[in-house]
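Numbering starts at 1 and runs along the sequence shown. No experiment lies behind these values; they were computed from the predicted model shown.
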Amino acid sequence: MLELYGIKIASHLLLGTARYPSPAVLAQAVQRSGTEIVTISLRRETAGGRNGGAFFDMIRGLGVRVLPNTAGCHGVSEAILTAKMAREVFRTNWIKLEVIGHHDTLQPDVFALVETARILTDDGFEVFPYTTTDLVVAERLLDAGCKVLMPWCAPIGTAAGPLDPSALRSMRAHFPQVPLIVDAGIGRPSHAAAVMEFGFDAVLLNTAVAGAGDPAAMAEAFAKAIEAGRQAFGAGMLEPRDMAVPSTPLIGKAVFS
């Protein structure tokens, strides 16, 4: 069971809601994934004259917990304003905090991220920060009041999978009691299974599901892969060895000539 800010969640998959072919396809993907949490960007859904209200009503009708995010924000004040607007719309103190610092990689501005996280936490928000695997930044975020960390494994939307497995393993080892959710860069169910085998607690997906030929089927595939990776980690996996080890030992066996 996954516990986030005192809320127990059975599913270890969080699903984004952007870029689906239609609301109906999104609803099917949510249902088949078994997710209990979806993320939604207030800025994206209300930009460009879109009918954000109807979309938000549809999301509420899915019967899942909403995790609003500050996607598209590039500064402290912008992220704070968006978070406060999201709290009013969705009546939740949860906020996925994104403060983008690089236009090409969409890497977070970790300095602004820590500052914003501290301000929002002091204002009663329960912050889910999108961050890097930098351990110092992680410590600063925890000091700022975050009780969950969401490191990337590759730039947003690249589908590249874990680019630095050692950094992810190191983060897990340094923060054994902190819920860690891999966010961004996962493209295949095997990627999701891999990070769960590292001991991570959950995976957040969007592009890999929404951009698939059959988003609902892909959502289900990811859900199964995540649970497989989690079960494998809990079961205790063999580590790689430098030499062959026979599966059928010869010592103590009769020898026939």
Side-chain angles (χ1 to χ4, degrees), residues 2-7 9 11 13-20 23 26-27 29-30 33 35-101 106-131 141 144-152 156-157 179 181-184 202-207 209-210:
L2 176 63
E3 185 168 333
L4 303 171
Y5 287 103
I7 302 297
I9 306 294
S11 173
L13 168 60
L14 288 69
L15 204 59
T17 57
R19 300 181 179 275
Y20 285 83
L26 167 59
V30 169
S33 72
T35 186
E36 297 172 54
I37 301 173
V38 299
T39 65
I40 183 169
S41 170
L42 186 71
R43 286 169 56 90
R44 285 178 181 156
E45 297 305 329
T46 55
R50 297 179 64 180
N51 189 1
F55 183 78
F56 299 154
D57 289 341
M58 186 274 291
I59 293 295
R60 293 188 186 97
L62 295 175
V64 293
R65 182 175 291 272
V66 173
L67 174 60
N69 69 46
T70 62
C73 293
H74 289 76
V76 175
S77 59
E78 188 180 16
I80 291 172
L81 177 60
T82 302
K84 290 182 176 181
M85 291 172 62
R87 179 163 62 181
E88 290 298 315
V89 171
F90 296 106
R91 299 290 188 265
T92 179
N93 287 324
W94 279 16
I95 191 74
K96 179 193 168 190
L97 181 60
E98 296 183 28
V99 186
I100 301 303
L106 301 180
Q107 179 171 326
D109 179 340
V110 295
F111 305 101
L113 181 68
V114 171
E115 180 183 351
T116 308
R118 189 178 304 279
I119 293 170
L120 291 178
T121 298
D122 289 344
D123 193 28
F125 282 91
E126 295 171 324
V127 178
F128 294 67
Y130 163 61
T131 184
L141 288 167
C146 298
K147 299 186 185 302
V148 177
L149 297 173
M150 303 182 74
W152 69 350
I156 292 173
I181 303 172
V182 172
D183 177 18
V203 171
L204 194 158
L205 300 164
N206 192 163
T207 307
V209 173

Between T35 and V30, is there a donor-acceptor pair closer than 3.5 Å when you use the side chain of the first and the backbone of the second?
no
* To do: Could you tell me whether a side-chain N or O of Y5 sits under 3.5 Å from a main-chain N or O of C146, the two making a donor and an acceptor?
  =>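 No; zero donor-acceptor contacts below 3.5 Å.
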Is there side-chain contact between [X] and [Y], with at least one heavy-atom pair below 4.5 Å?
X	Y	result
Y130	N69	no
D183	F128	no
L26	V38	no
I37	L4	yes

Non-hydrogen atoms of [X] and [Y] that approach each other most closely:
X	Y	result
L13	S33	CD2-CB, 3.6 Å
T39	L204	CG2-CD1, 3.5 Å
G75	V99	N-CG1, 3.9 Å
V66	P68	O-CD, 3.4 Å
K147	P179	O-CD, 3.3 Å
E98	A79	O-CB, 4.4 Å

Could you tell me the separation between the [atom1] atom of [X] and the [atom2] atom of [Y], rounded to the nearest 0.5 Å?
X	Y	atom1	atom2	answer
L120	T82	CG	OG1	10.0 Å
L205	L14	CG	CG	9.0 Å
C73	L113	SG	CG	11.5 Å
M85	I95	CE	CD1	11.0 Å
T17	L62	OG1	CG	9.0 Å
L67	I40	CG	CD1	10.5 Å

For residues 114-126, the side-chain hydrogen bond (donor to acceptor under 3.5 Å, both in side chains) pairs (sequence neighbours left out) are R87-D123, W94-E126
By ring-ring contact (aromatic ring centres under 6.0 Å, His included), Y20 pairs with (sequence neighbours left out) none
Please test W152 against L106 for side chain to side chain contact (heavy atoms under 4.5 Å, CB included), starting from the C-alpha separation and ending with a verdict. CA-CA 10 Å; W152 69 350; L106 301 180; over 6 Å; no
